[in-house]
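Below is one structure, written out as structure tokens; comments come after it.
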Amino acid sequence: MNARPDFPSYLAEMKWRGFFEQCTDEAALAELMAAGPVTGYAGFDPTADSLHIGSLVPIMGLLHLQRHGHRPIAIVGGGTAMVGDPSGKTELRRLLTVDDIDRNLAGIRAQLGRFLRLGDGPGDGLMVDNGDWLRDKSYIDFLRDVGRHFSVNQMLARDSVKTRMETGLSFLEFNYMILQAYDFLVLNRDHGCRLQVGGSDQWGNICSGIDLCRRLGRAEVYGLTYPLIMTAAGEKMGKTAAGAVWLDADRTSPYDFFQYWVNVDDRDVGRFLRLYTLLPPVRVQELEALQGADSRQAKQVLALEVTALVHGAEAAQAALAAARAAFGGGGDAASIPASVHTAADLAADGLALIDVLVSAGLVESKGEARRLVRQGGVRVNGEAVADEQRRLVAADVQDGRIVLQLGKKRHHHLRIEG
RNA sequence: GGGGGGGUUCCCGAGCGGUCAAAGGGAACAGACUGUAAAUCUGUCGGCGGACGCCUUCGGAGGUUCGAAUCCUCCCCCCCCCA
């Protein structure tokens, strides 16, 4: 299979882009994929009603799979979420209620659907929910059908279990790997799936699935893991002051999403261009060659590409325009986060700046707002505010809005209507 | 079941009757420097009030005391050792 001009194969592209960490039998998998379309899957946990940046890597992994003519399956864990994956965790997370899970599933499915071409045609992707085959499974049946193929001795040797021997691991979580292994079996049986892709913390779970398929005499299946992506500063992706960077526009506006990528560490630009965009190697290498201040151009391309992928080309352009407006250089400010007020609000004494900062959600408390002003971190229409008592009045309105800046990077507009 | 250790502010981690909103570090935020980067330096970093002020916090609930994160009682959770 070679539907792409830039790379001889899916695996070659995964390697070049930095998705390739470990593979169960690379040579055999390469051979299989060269022979014809292969069905592969990646899982997504419904732990929130939106995916965040961290899920972008498996999403891109599936996307590349499809672009190379193979068939991607996105599986959402409506069943496994009932149990909770202990991998990479030091203690049991709060159990989600069934209602939570179902709500989260709906949100996540809608998002995933935007990235992959789903359908019944050749190469069309599939989206499935393991809740469909896990939730109603009878315990005794499951133990007899699946449980008998698992060795507790081997399970205890798994890293995800070993690391929990000190702090404790509930029997509930201990079962997780079996459920995930069963998923692979089901997907293989029902959809001919031969490959599972996941983060390196999923290696154990993936191997369990491969083992199970082998024990039941299925055709050989394969696993591929990508590295856990960290920033150059050693942090998990997507950590910001405001919390996680979500893929949902209501949780993280396209403008803020765009800004996240523009503000990426210099050292991360090249790596991220490879991982999170579909740009061809020549273009990526061109951008990687930009050094020093010029790397801002590369970051802008990165931001534009990723934002377009997640929110659409139009939203990405609007975010770019807004960023230009906010950081000088013209542009259209329409997409800068804004809150709406009426002219009446500003009549007479107007509004206390401190209160506005709080109500707009820019700071968490008045104390923080005051502190910010005291430190010279707040600007109104570009002018630093020195007075904590500063009030916003009609005279502050310019072109129907008041421009607030917090620090050097955060911008917020008050749109005045009426 | 028996014995020992422990649960402190976002995280790690001191404190062990008043001077504790609680050392130190990390994270975070602001300022300087810069390139909407990194590093560095400075400052801030529970809430409310303009301020010497008030309120809430040290696993939970009571109690002792003029006064408790610090002492006592009961309870919950975690770790270690023995059975």
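Residue numbers start from 1 in every chain, and the chains themselves are labelled A, B, ... in the order their sequence lines are given, proteins ahead of strands.
Counting non-hydrogen atoms under 4.0 angstrom, A:V264 reaches the backbone sugars and phosphates but no base. When heavy atoms are screened at a 4.0 angstrom cut-off, A:D265 is found touching the sugar-phosphate backbone but no base atom. If you check every strand for non-hydrogen atoms under 4.0 Å, A:A232 touches nothing.
Comparing B:G35 with B:G26, their C1' atoms are spaced 27 Å from each other, to the whole Å. For the C1' atoms, the distance from B:A69 to B:G59 is 12 Å, rounded to whole Å. Here, B:A39 and B:G4 have their C1' atoms 47 Å apart, quoted to the whole Å. On the C1' atoms, B:C16 is 14 Å away from B:G6, given to the nearest whole Å. With both ends at atom C1', the span from B:C12 to B:G7 equals 14 Å, rounded to whole Å. The same atom, C1', is picked in B:A14 and in B:G67; the two are 23 Å apart, to the nearest Å. For the P atoms, the distance from B:G3 to B:U9 is 30 Å, rounded to whole Å. Between B:U65 and B:C71, the two C1' atoms lie 9 Å apart (nearest whole Å).
Under the 4.0 Å criterion applied to side-chain N and carboxylate O atoms, A:R135 and A:D102 are assigned as salt-bridge partners. Between A:E26 and A:K15 there is a salt bridge, since at least one side-chain N of the basic residue sits less than 4.0 Å from a carboxylate O of the acidic one. Salt-bridge check for A:E286 with A:R283: passed, with a basic side-chain N closer than 4.0 Å to an acidic carboxylate O. A:D332 and A:R324 are not joined by a salt bridge, as no carboxylate oxygen comes within less than 4.0 angstrom of a charged side-chain nitrogen.
Using a 4.0 Å cutoff on non-hydrogen atoms, the parts of residues 283-295 of chain A near RNA chain B are A:G292, A:A293, A:S295, ordered by number.
Atom CZ in A:R296 sits roughly 14 Å away from atom C1' in B:A38 (whole-Å rounding). If you measure from atom NZ of A:K409 to atom P of B:G35, you get 14 Å, rounded to the nearest angstrom. A straight line from CG of A:L304 to P of B:U36 spans 18 Å, rounded to a whole angstrom. When rounded to the nearest whole Å, the span between CD of A:Q300 and C1' of B:G35 equals 12 Å. Rounded to whole Å, the distance from CZ on A:F327 to P on B:U34 is 18 Å. The CD atom of A:Q405 sits 15 Å away from the C1' atom of B:G31 (whole-angstrom rounding). Distance NZ (A:K299) to C1' (B:U36): 8 Å, rounded to an integer number of Å. Between the C1' atom of B:A37 and the CD atom of A:Q297 lies a distance of 14 Å, rounded to the nearest Å.
Looking at RNA chain B, the stems built from 3 or more consecutive Watson-Crick or G-U wobble pairs, each pair with its key distances under 3.5 Å, are B:1-7 with B:76-82, B:10-12 with B:24-26, B:28-32 with B:40-44, B:46-48 with B:53-55, B:59-63 with B:71-75.
If A:G407 and A:D266 are placed on RNA chain B by their nearest nucleotide, the residue sitting closer to the 5' end is A:G407. If A:L372 and A:F258 are placed on RNA chain B by their nearest nucleotide, the residue sitting closer to the 5' end is A:L372.
For residues 398-418 of chain A, every residue pair satisfying the side chain to side chain donor-acceptor pair (under 3.5 Å) rule, not counting sequence neighbours, is listed here: A:S339-A:H412.
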Contact state string [nucleotides 47-57 of chain B, B base, S sugar-phosphate only, - no protein heavy atom under 4.0 Å]: SSSS-------

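Under the salt bridge (charged side-chain N to carboxylate O under 4.0 Å, His left out) criterion, A:E288 pairs with A:R274, sequence neighbours left out. Contacts of A:D99 classified as side chain to side chain contact (heavy atoms under 4.5 Å, CB included), with partners at least two apart in sequence or in another chain: A:T97, A:R103.
Using modelled atom types, one finds a donor on one side chain and an acceptor on the other under 3.5 Å when comparing A:Q111 with A:S50. Under 3.5 Å, the side chains of A:D265 and A:T231 contain no donor-acceptor pair of N or O atoms.
Each of A:R271, A:K299, A:R296 was evaluated against A:D266; a single residue qualifies, A:K299, per the salt bridge (Lys or Arg N to Asp or Glu O under 4.0 Å) test.
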Worked check of side-chain hydrogen bond (donor to acceptor under 3.5 Å, both in side chains) between A:Q202 and A:Q196: CA-CA 10 Å; A:Q202 293 299 308; A:Q196 179 177 181; over 6 Å; no

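A perpendicular orientation is assigned to the rings of A:H68 and A:Y10, their planes being inclined by more than 60° (bins at 30° and 60°).
OP1 or OP2 of B:A30 has at least one side-chain nitrogen or oxygen of A:R410 nearer than 4.0 Å. For A:K408, a side-chain nitrogen or oxygen approaches OP1 or OP2 of B:A32 to under 4.0 Å.
Under 3.5 Å, the side chain of A:Q375 and the base of B:G43 form at least one donor-acceptor pair of N or O atoms.
Across all their heavy atoms, A:V262 and A:A303 have their closest contact at CG2-CB, 3.5 Å.
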